[in-house]
Amino acid sequence: MPVNPADGAVLGALYGTDAMRATMGEDAFLQRMLDVEAALARAQARRSIIPAEAAEAITRAADATRLDRSAMAAATRNTGYPVVALVKQLTALAGPEAGRWTHWGATTQDIMDTALVLQVRDGLALIESDLRATCVALAAMAAAHRDTVMAGRTHLQHALPVTFGYKAAVWLSPLLASIDGLARVRDRALRLSFGGAAGTLASLGDQGLAITRELATELDLAEADIPWHVARDGLNEAACWLGILCGNLSKIATDVMLMMQTELAEVSEPHVRGRGGSSTMPQKRNPIACEYVLSQSRGVHALVPQMLAAMAQDFERGTGPWQAELLALPQAFLLAHGALSQARFIAEGLVVDAARMRRNVDATHGLIVSEAVMMGLAPVFGRGESHHIVNDACDLAIAEGIGLTEALLRDARVAAKLDATAIGKMTDPAAYLGSAGAFVDRVLARARSMGVS
């Protein structure tokens, strides 16, 4: 029975995705280790180190569905690693002649590291697909609401007017950066691990580099300039990239969750009958997707330090830190993809209430544009005096529950020099958006240049 909820038959529906479980789970890991063993045999056969017939037999036998899992578990418990048991069974499945050539010149960590790298490659492909789809949805949202005025908030209070398109572009921009960063992640993480017992490939004599090249070609992985058994920076690039991605997804979820509050009601998650409901309050539509973006992202953020701490490896083979990675990285991929899938659900179906956004802007009767008024009065009264005038008007508006325009007109200094029409223009939120539209346009242009549109 799974202890981790993300792996359970019921709670697993809330955490992670089935696609990532299939990619990063134990079944995939076992198959990927067999894939590495088969590729090694083929590479060595091309260099005439082992017979071609043996490589063919090993490749045919490299099928994880044929493994005796119970026997593997018992042997793994005894040795501390699954590779010894895996090679023993692969040897038997390949037959007595071919079997004696399995795992030639390799070490346990070569097989496990490279298998994990192959899983990471597949995991990144899954994440990129959903990340691009999420960006497409956010780009469409930013374009559609480029000029939809809403309240910009700092410290949870009205600050200045912004547009919802601007907010969506703020969400989009760092996700585009994550797509940009994938090339570096792949360059750093998708490298063959092959060094033999202590990283020198001594067992292969003068054929070590040649076999490395052949094996990397077989698996379509990059060659490292030196074996990285105890240099874990590549995998940590992937882990940290996941952490940053989840941080950016958390920003979106936090904003949407707050905007879904009854008192704001500016957006809502896509409605599916029964989703986000309460067992006792039929009216509830809770921000379920937001909650699972946040919970899974926090899980990833807890796992990234575990990966970073595992970089302190001793000598030529880590005593403990290496083993800790398998507890962290697959789970980080699973939770990150779960968070991203929920974020995609939000982005593709977010319900936007532009009318409510405008009512919320107007809720303070013009106070949200007090800076605009101050800057508009400055050429007439000077900046310092304008600040005092507007501050007095804001105090009056709050005290008497009147609009900022009326409060300003009650000030003799203002009324003597400006009429209601002039003041009305200053207090129009749509007239004080600065470069919001231009910023949206820049982010959308960047998205188009990346094929995200």
Side-chain angles (χ1 to χ4, degrees), residues 4-8 11-21 23-25 119-120 123-135 137-138 141 156 167-182 185 189 235-261 267-270 275-276 286-310 324-325 327-350:
N4 191 323
D7 297 324
L11 294 179
L14 298 174
Y15 299 99
T17 64
D18 289 342
M20 191 61 80
R21 263 184 286 273
T23 296
M24 300 302 294
Q119 289 181 286
V120 167
L124 289 174
L126 279 176
I127 287 176
E128 181 179 11
S129 177
D130 280 321
L131 178 55
R132 284 186 172 275
T134 303
C135 288
L138 291 176
M141 193 185 300
L156 297 178
K167 182 179 289 290
V170 168
W171 295 342
L172 172 61
S173 181
L175 298 187
L176 295 176
S178 286
I179 293 176
D180 268 341
L182 265 174
V185 172
L235 292 179
N236 272 278
E237 287 269 359
C240 290
W241 182 86
L242 293 174
I244 292 170
L245 172 63
C246 285
N248 290 324
L249 297 177
S250 295
K251 159 62 178 170
I252 299 172
T254 298
D255 278 358
V256 170
M257 183 172 59
L258 292 173
M259 293 168 72
M260 283 181 67
Q261 293 178 95
V267 301
S268 63
E269 289 183 5
R275 180 179 175 86
N286 295 319
I288 295 299
C290 293
E291 291 171 5
Y292 282 97
V293 171
L294 292 169
S295 61
Q296 292 178 99
S297 293
R298 286 168 183 161
V300 174
H301 293 156
L303 292 165
V304 171
Q306 185 171 326
M307 285 293 298
L308 292 171
E325 288 178 348
L327 294 173
L329 193 58
Q331 190 71 7
F333 267 89
L334 177 63
L335 294 176
H337 195 225
L340 179 56
S341 295
Q342 296 285 356
R344 178 179 177 178
F345 173 79
I346 294 168
E348 291 183 337
L350 190 71

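The model shown is predicted, which means the values in this text are computed figures rather than measured ones. Sequence positions, counted from 1, serve as the residue numbers for this chain.
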Can you find a pair of side-chain heavy atoms, one from M259 and one from V256, that are under 4.5 Å apart? no
Option from L176, I127, L175, I179 for which side-chain contact (heavy atoms from CB on, under 4.5 Å) with R132 holds: I179
Hey, could you give me the OG/CG distance between S268 and L350, rounded to the nearest 0.5 Å? 6.5 Å
T23: what forms a side chain to side chain contact (heavy atoms under 4.5 Å, CB included) with it, not counting sequence neighbours? M20, D122, L126
Distance from N286 atom CG to E269 atom CD, nearest 0.5 Å? 9.0 Å
Can you tell if the side chain of I346 reaches within under 4.5 Å of the side chain of C290, non-hydrogen atoms only? yes
Distance in Å, C246 SG paired with W241 CH2, rounded so as to fall on 0.5 Å steps: 9.0 Å
Check F333 against G123 and note the closest heavy-atom contact, atom names and distance. CE2-C, 3.8 Å
Give the intermediate values and the outcome of side-chain contact (heavy atoms from CB on, under 4.5 Å) for residues V304 and M307. CA-CA 5 Å; V304 171; M307 285 293 298; 5.6 Å; no
The reported gap from CD in E348 to CG in D130 (rounded to nearest 0.5 angstrom) is 8.5 Å
Quick one: list whatever passes side chain to side chain contact (heavy atoms under 4.5 Å, CB included) with V170, sequence neighbours left out. Y166
For D255, the side-chain hydrogen bond (donor to acceptor under 3.5 Å, both in side chains) test, sequence neighbours excluded, returns W171, K251
State, to 0.1 Å, how close A238 and A189 come at their nearest heavy-atom pair, and which atoms those are. CB-CB, 4.4 Å
Separation between OG1 (T134) and CG (L340), nearest 0.5 Å, reads 4.5 Å
Mind checking the NE2-CG spacing from H337 to L242? Nearest 0.5 Å is all I need. 11.0 Å
Which atom names give the shortest non-hydrogen contact between L131 and S178, and what distance separates them? CD2-CB, 4.0 Å
When every non-hydrogen atom of G243 is compared with those of H301, the smallest separation belongs to O-NE2, 2.8 Å
So V300 and L245, do their side chains get closer than 4.5 Å, heavy atoms only? no
Looking only at heavy atoms, the pair that brings S341 and T17 closest together is OG-CG2, 3.3 Å
Does any part of the side chain of V185, heavy atoms only, come nearer than 4.5 Å to the side chain of V120, both counted from C-beta? no
Side chains of L334 and Y15: closer than 4.5 Å at any heavy-atom pair? no
Between S173 (side chain only) and A169 (backbone N and O only), is there a donor and an acceptor less than 3.5 Å apart? no
Quick one: list whatever passes side-chain hydrogen bond (donor to acceptor under 3.5 Å, both in side chains) with N248, sequence neighbours left out. none
Show the nearest heavy-atom pair for residues A6 and Q331, with the distance to one decimal. CB-NE2, 3.6 Å
Which residues pass the side chain to side chain contact (heavy atoms under 4.5 Å, CB included) test with T254, sequence neighbours left out? L258, L294
How would you list, by chain and number, every residue that makes a side chain to side chain contact (heavy atoms under 4.5 Å, CB included) with Q306, sequence neighbours excluded? L303, A324, L327, A328
C240 vs L308 side-chain heavy atoms within contact, under 4.5 Å: yes
